Every structure is written in C-alpha cells, then in structure tokens.
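This one's a predicted model, so the numbers in the text were calculated from it and none came from an experiment. First the proteins, then the strands, lettered A, B, ... as listed; each starts at 1.
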Number of protein chains: 2
Amino acid sequence: MIECETPQDECGVRDALDRLGDKWSVYVVVELSPGTKRFKELQRAIPGNISQRMLTLTVRRLERDGLVKRTVYPTVPPKVEYELTELGRSLTHLVKALADWSIAHRPAIAASRAAWDAAHADGAHADGAHADGA
Amino acid sequence: MIECETPQDECGVRDALDRLGDKWSVYVVVELSPGTKRFKELQRAIPGNISQRMLTLTVRRLERDGLVKRTVYPTVPPKVEYELTELGRSLTHLVKALADWSIAHRPAIAASRAAWDAAHADGAHADGAHADGA
DNA sequence: CTGTATCCACAATGATACTG
DNA sequence: CAGTATCATTGTGGATACAG
C-alpha cells in the first residue's frame, strides 16, 4: 500500500520518475552498471542511437543529481569517463526490479492489449491501436 | 548488475518506463491502490489538477495494458469505476519501492544538486574529480 | 457524470555544424 | 574525442467546447 502524507508535495514518487522518466537516463544507468565507460563507449552501448546532445544532457543531469561521477582527463584528445556513484548503484537495484517486472509481465500485457484492441476495433477511434511487437 | 540479452530490443526496461514515465500514470496507480474509485474521485484525488482529457487518456492506456479494470454502470447519470487488476497491484509494490528510494535519497540528491550548481554557477569548476594527465 | 474532439503552448528530442 | 550552440520537429499536456 502506498501512503501519501503530503499529496500536495506529490509524495516523492514524482521525484524518482522525473529522474528516470526521460528517454535515456535509465539506459545510462544500465550501461554504467557493469563499470566505467567513456563518452563514446556509452553512446555506442546505448540502444536507439542517442545523439551527442542528448547523451551530454542526460549524463549532466545524472551527474548533478549525484548518480553519476564524471572524470575528465585533460589530455589531447580529451578523455572523459563516467561511472555510477554509490547513489547510482543503489538505483541500479531498483531499475533491475523494474526490468524484471516488465519482462515477467510482458506477455500478460501484450495479451491485454490485443484483447483491448480487438474489443475496440469496431469503434476504431481510440488512440494508438497497434498490435505489440513482443 | 543488469543484463541485456537483446540490447537492440531495449531489454525490457524501456517497457516499464514507457508505461509509467508519463506525467500521471503513477498517480492513478497510487490513488487506485487503496481501492476502487470513480472517475471524478480519481480526478480530485490526484495532486496537480489533472484535466479530464489526461485522466481519460491515462486511464485508457492503463486499461489497455491490463493494469486497471474499468466498470461502466449504464445509469443516468453515468457512473464509471476504476480499480487495479492483479497485474496493477503487482506494480504497486514496485512503485512503492521507487517512492521509498526517492524519499530516502532526496536529501543526498538535493545536496548534490546544490554542490553542482555552486560549482557551475560562475563558470569556475574547482572539481577535485580528475586523474593524472597521462 | 463521463467522455470525446479541437486547438494551442511548451518541453523534449533529434540533426547538424562548430569549438577546444 | 568530448562538448556546445542552433534550429526544426515531435510528443505531451492543458483549456475549452461539445456530446451521450
């Protein structure tokens, strides 16, 4: 059961979601969980072709929040390494739980979607009515 | 440590995030976790003044995914009740874990942000985070 | 009361070019 | 290689009017 002592303050759930709800933050955490990676490595590792701009923004935000540590080697050419902090690693646990849930229930969700789409096919005015790809 | 067997397929984390990453889905799950609620009740219960449009869209998506059950009473005036399904309740645990993490580490994150902002306010960066320049 | 359809504002993302 | 700046595009959310 979820308790909200301060509904006006959005009870803390929003906090975590805002931090992970963007398109790439989770992937950065995931790809950094095995260990340190350089900027370019991170970019290549993340699925979906993240742009330099978005990787920079995402990684900066995570650094600001203390989830990621950024180490600059003032060499030529430049070399920057990223790694999870303690805080970041504590999140990894949670992200994994989320992934596990998603994987475990994906079939059920796919079935539900298919059923919903079938039941609403006659009206045909709902939003994204597409079959899943799982 | 998070394993991704199919990096190209976005390894399942994206799935869960896409489902909860929008602005309101989590709140619907939270407010429904104590029990059944009507449309208007849900709208009033959710912090942040969700519009009819967004509540409808959010609730429809959750229904399609099988997280929420929608019951229509063909009366006048209409009455529609929403409740979590088994699947939805299984998510509740996860959402709570997320909230707990957020609450537990909020001070640390706030401190990190303050430090980051201070270090980047004037353009100067007295970061001790660097290695040798070899 | 519940829900749909339109129009509009803004934030997030992506593509590209340029700099150190 | 790493990062910034700019511009175009998209998606998401909000306000409102209308319908069952």
Measure from [atom1] on [X] to [atom2] on [N] and round the result to the nearest Å.
| X | N | atom1 | atom2 | answer |
| --- | --- | --- | --- | --- |
| B:E81 | C:dG3 | CD | C1' | 17 Å |
| A:D18 | D:dT12 | CG | P | 15 Å |
| A:K79 | D:dC1 | NZ | P | 13 Å |
| B:L55 | C:dT2 | CG | C1' | 10 Å |
| B:E41 | C:dG3 | CD | C1' | 17 Å |
| B:Q43 | C:dT2 | CD | P | 9 Å |
| A:Q52 | C:dC18 | CD | C1' | 11 Å |
| A:F39 | D:dC1 | CZ | P | 11 Å |

Item to complete: Report the distance from atom CZ of B:R61 to atom CG of B:D18, rounding to the nearest 0.5 Å.
Response: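 Atom-to-atom, B:R61:CZ and B:D18:CG are 10.5 Å apart.
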Worksheet item: Rounded to the nearest 0.5 Å, how far does OH of A:Y82 lie from NZ of A:K69?
Response: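 Here the interatomic distance stands at 12.0 Å.
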Fill in: Those residues that, when tested against A:R53, pass salt bridge (charged side-chain N to carboxylate O under 4.0 Å, His left out) (two or more places apart)
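None.
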Set out, line by line, the N/O atom pairs under 3.5 Å between protein and nucleotides 12-15 of chain C.
unit_1	atom_1	unit_2	atom_2	d
C:dT13	OP1	A:K23	N	2.9
C:dG14	OP1	A:K23	NZ	2.8
C:dG14	OP2	A:W24	NE1	2.9
C:dG14	N7	A:R53	NE	3.3
C:dG14	O6	A:R53	NE	3.2

Is the shortest side-chain heavy-atom distance between [X] and [Y] below 4.5 Å?
| X | Y | value |
| --- | --- | --- |
| B:T92 | B:V95 | no |
| B:M54 | B:K23 | no |
| A:L55 | A:V28 | yes |

Worksheet entry | Listed partners of B:E41 passing side-chain hydrogen bond (donor to acceptor under 3.5 Å, both in side chains), at least two apart |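 Listed in chain order: nothing, the list is empty.
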Discussion item. Holding to side-chain hydrogen bond (donor to acceptor under 3.5 Å, both in side chains), I want the full list of residues that pass it with A:R19, two or more places apart in sequence or in another chain.
Written reply: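 Listed in chain order: A:D65.
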Worksheet entry | B:R38 side-chain proximity, nearest of D:dA2, C:dT2, D:dT4 |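 From the listed options, C:dT2 comes nearest.
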Worksheet entry | Nucleotide nearest A:V80 when distance is taken to its side chain, options D:dT4, D:dA2, C:dT2 |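 The answer is D:dA2, which lies nearest to the side chain.
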Worksheet entry | Any residue of residues 67-78 of chain B with a heavy atom less than 4.0 Å from an atom of DNA chain C |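 The stretch gives B:R70, B:P77, B:P78 as the residues lying under 4.0 Å from the strand, ordered by number.
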Discussion item. Please check this pair: side chain of A:E83 against backbone of A:L32, looking for a donor-acceptor N/O pair closer than 3.5 Å.
Written reply: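 Between the backbone of A:L32 and the side chain of A:E83 there is no qualifying donor-acceptor contact (under 3.5 Å).
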Worksheet item: Would you say a side-chain N or O of A:Y82 is under 4.0 Å from OP1 or OP2 of D:dC1?
Response: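 A:Y82 to D:dC1 OP1/OP2: no side-chain N or O under 4.0 Å.
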Item to complete: State whether A:D117 and A:R113 are salt-bridged, where the test is any N-O pair (Lys NZ or Arg NE/NH1/NH2 against Asp/Glu carboxylate O) under 4.0 Å.
Response: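 The answer is no: the pair does not qualify as a salt bridge.
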Item to complete: Just report the end-to-end axis angle for the helix from C:dC1-D:dG20 to C:dG20-D:dC1, five pairs per end, to 10 degrees.
Response: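 End axes: 40° apart.
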Worksheet item: Which is it for A:L91 and A:L87 under the side-chain contact (heavy atoms from CB on, under 4.5 Å) test, yes or no, and what are the steps along the way?
Response: CA-CA 7 Å; A:L91 226 192; A:L87 197 56; over 6 Å; no
